[in-house]
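The next block holds one structure in the form of structure tokens; read it before the comments.
Every chain is numbered from 1 and lettered A, B, ... according to where its sequence line falls, protein lines coming before strand lines.
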Protein chains: 2
Amino acid sequence: MNRKPNLKDVAQLAGVSAITVSRVLTNPEKVSDKLRHQVETAIEELGYIRNHAASALASNRSGVLAVIIPSLSNIVFNEVLQGVYSAVKQHQLQVILGDCHYSPLEEEKLITTLLSQSPEGMILTGTDQTDYAKRLLKNAGIPVVQLMELTEQPIDLNIGFSHLAAGLDMTTHLLQQGYRKLGFIGARMDPRTQQRLIGFKQAIAAWPDACQSYVMTTPQSSSIKLGGQLLQAVLAESAGQCDAVFCCNDDLALGALFESKRMNLRVPQDLAICGFNDLEASALVEPGISSVASPRFEMGKQAVELLVARSKGEAVPTAPIDVGYQIIRRAST
Amino acid sequence: MNRKPNLKDVAQLAGVSAITVSRVLTNPEKVSDKLRHQVETAIEELGYIRNHAASALASNRSGVLAVIIPSLSNIVFNEVLQGVYSAVKQHQLQVILGDCHYSPLEEEKLITTLLSQSPEGMILTGTDQTDYAKRLLKNAGIPVVQLMELTEQPIDLNIGFSHLAAGLDMTTHLLQQGYRKLGFIGARMDPRTQQRLIGFKQAIAAWPDACQSYVMTTPQSSSIKLGGQLLQAVLAESAGQCDAVFCCNDDLALGALFESKRMNLRVPQDLAICGFNDLEASALVEPGISSVASPRFEMGKQAVELLVARSKGEAVPTAPIDVGYQIIRRAST
DNA sequence: ATGAAAGCGCTAACAC
DNA sequence: GTGTTAGCGCTTTCAT
């Protein structure tokens, strides 16, 4: 016999019926000590591993959690993922991960693919799914979490924070520090980055004194190097007048900082720099870069907990959950 | 009717048999244009999504690829993952990912879990699986790739490079630059890091002139901050004599560089610093940090291609594939 | 506490 | 090119 052993093989060897073996696997406490031991021995001897597809089909429970992030290379989503993985362990769930490359259309396609695995829940990043995707998800009858940002009309559950408010607060901080010629550099410009830019503009509009703003964005994906290039662009655009730059993330901010040093600009005297996401490096470079911190790991974890609770039919908050953010002030501003 | 539509529902609506619908889904070219169109319309109308568990059970093909990495938070494995994901797309495979936290025992447990999904292949990081895990994998009868480092006795397929040789080359580079009091700082100390350390020691042993070495390692996980702390430790141990540090990765190297600046040590005059992995930041800090580059994305990609080829029964190289590495010399050394 | 029978939704193998 | 039949390996339901 060379094929993989199945339940029947184990049952036969243990001298019990298939269903008893199944019980040992899922509800060991429902089987007598004696039989359980016989079965466990047989399983070990045969090296039996339960066939997940058959199990899922018969029980109508896949044990799968679908997760879609916009980018595998952005460390920010990686941290969310870590939270997700830390939480699924306790719940015997397998994660199926998709990377939609910031594209709602690709996300829609991924959703159909992932739905075919009959996931018991789905975690999405952001709130800009296509209408068709939203319909699919509502029809799927599984709990869905939209993560990272807030929306008035969630598909189902929603956990995040306001990127607009964070952008506004950080910009206000720059203004309070006395800077009046503010640059904004942004890459990729996904919905959350755009919210930050809106916050930036609102803060400037709301400020009583006169101030200048110079916005420089690119659809290119973000990198440290790009931060240096965009800083140059903003300085050129402002004819060197710009005295503070709001970088839409910490990678750009690091690049801007390194570039400033190469140009012998003093930070924060000649130029203030702030970022977003509060990566480890931002705290450790000289000067430390002011940034916006948010509980990414926790968001991922909480999304899973919420999903699981909902699956069990427990009552869960259906209103968006605002996890907040924190403006971290450092020497760069 | 509120339950999810199945093949039969689609077939009935389209006025065909179930198998025809199945064919439209998997081999559209085997169905006449007319019927195919009818079926596609019915699928759309019902919002039908194929049940993966049933499909996998009946066809004995799961469409799943299992991947285990030692850490989700280490960007290095992330890049490998990106390679993996970039390749699976073309092959209609879903990735199931496990994080074994650098523990062979946890890896063993993960392997059993992941095997229950009947994956069509498995990608593992490194070569230090438990004996039981190796047996399980051999019995599973699926192609397995051990990635990142090389081994004489692979479980099945093997793609990687010699971390020992890379460590040796980089250390020799330091010696060639005239440094004679070499520090080694290492965190986590997984098998690959240990190989780098062995290379470090071999290079020193092989060098004709007298030289000193100071090795400082910790089981803690690596971070930028830790790099600064370990640098302090090495300087203390060497009574300030150490004139070059080999950092087992670029995070530590960055931390060491930032710390050197705080201590007003000139790099590379007072202290040379080199890292491993060649992260983006290493090229952009001032001075740039010398490092070891390796084709991580490509390794991930190649692993998938190899696995798929093997699954199809194509001939694939069974000998380890050495993808090599590159010593990147920058101003820090 | 244990088992027998039925069936989950799909596809392989074989007809036609 | 299309359909029929059988069965993948497991769990549900119901009986004992």
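- Rounded to whole angstrom, the span from the CD atom of A:Q12 across to the P atom of D:dG9 amounts to 14 Å.
- Here the P atom of nucleotide C:dC10 and the CG atom of B:L25 are 9 Å apart, to the nearest Å.
- Closest to the side chain of B:S17, out of D:dT4, D:dT11, C:dC10, is D:dT4.
- Scanning for side chain to side chain contact (heavy atoms under 4.5 Å, CB included) contacts around A:D128 gives A:P104, A:P191, with sequence neighbours left out.
- Between A:L157 and A:V316 the shortest heavy-atom distance is CD2-CG2, 3.9 Å.
- In terms of phosphate contacts, B:Y48 brings a side-chain nitrogen or oxygen within less than 4.0 Å of OP1 or OP2 of C:dC10.
- The CD-C1' distance, from B:Q38 to D:dG1, rounds to 13 Å in whole Å.
- Across the interface with DNA chain D, nearest-nucleotide mapping of B:A18 and B:K30 shows B:K30 to be the residue nearer the 5′ end.
- Annotation: salt bridge (charged side-chain N to carboxylate O under 4.0 Å, His left out) contacts of B:E149 (sequence neighbours excluded): B:R192.
- The shortest non-hydrogen separation linking A:K301 to A:S86 is CD-OG, 3.8 Å.
- For C:dA1, neither phosphate oxygen OP1 nor OP2 lies less than 4.0 angstrom from any side-chain nitrogen or oxygen of A:T20.
- For the pair B:S55 and C:dT11, the criterion of a side-chain N or O lying under 4.0 Å from OP1 or OP2 is met.
- In this structure, the salt bridge (charged side-chain N to carboxylate O under 4.0 Å, His left out) partners of B:R296, at least two apart in sequence or on a different chain, are B:E79.
- For C:dA1, the OP1/OP2 oxygens have no side-chain nitrogen or oxygen of A:R36 closer than 4.0 Å.
- C:dG7 atom C1' lies 10 Å from atom NZ of B:K8, rounded to whole Å.
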N/O donor-acceptor pairs under 3.5 Å from side chains in residues 39-51 of chain B, not counting sequence neighbours:
from, atom 1, to, atom 2, distance (Å)
B:T41, OG1, B:H37, O, 2.8
B:N51, OD1, B:A53, N, 2.9
B:N51, OD1, B:A54, N, 3.0

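- Following rounding to the nearest Å, A:L35 (CG) and C:dG3 (P) show an atom-to-atom distance of 6 Å.
- Listed by chain and residue number, B:E106 satisfy the salt bridge (charged side-chain N to carboxylate O under 4.0 Å, His left out) test with A:K89 (two or more places apart in sequence, or in another chain).
- Picking from C:dT11, D:dG9, D:dT2 the nucleotide with the shortest atom distance to the side chain of A:L57 gives D:dG9.
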Grab the N/O contacts between the protein and nucleotides 12-16 of chain D below 3.5 Å, and write none if there aren't any.
none

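- Residue-to-nucleotide proximity on DNA chain D shows that, of A:A53 and B:K34, the 5′-proximal contact is made by B:K34.
- To the nearest angstrom, P of D:dG1 lies 11 Å from CG of B:N27.
- In this structure, CG of B:N51 is placed 9 Å from P of C:dT11, rounded to the nearest angstrom.
- Atom pair A:I49:CD1 and D:dC10:C1' shows a separation of 16 Å (rounding to whole Å applied).
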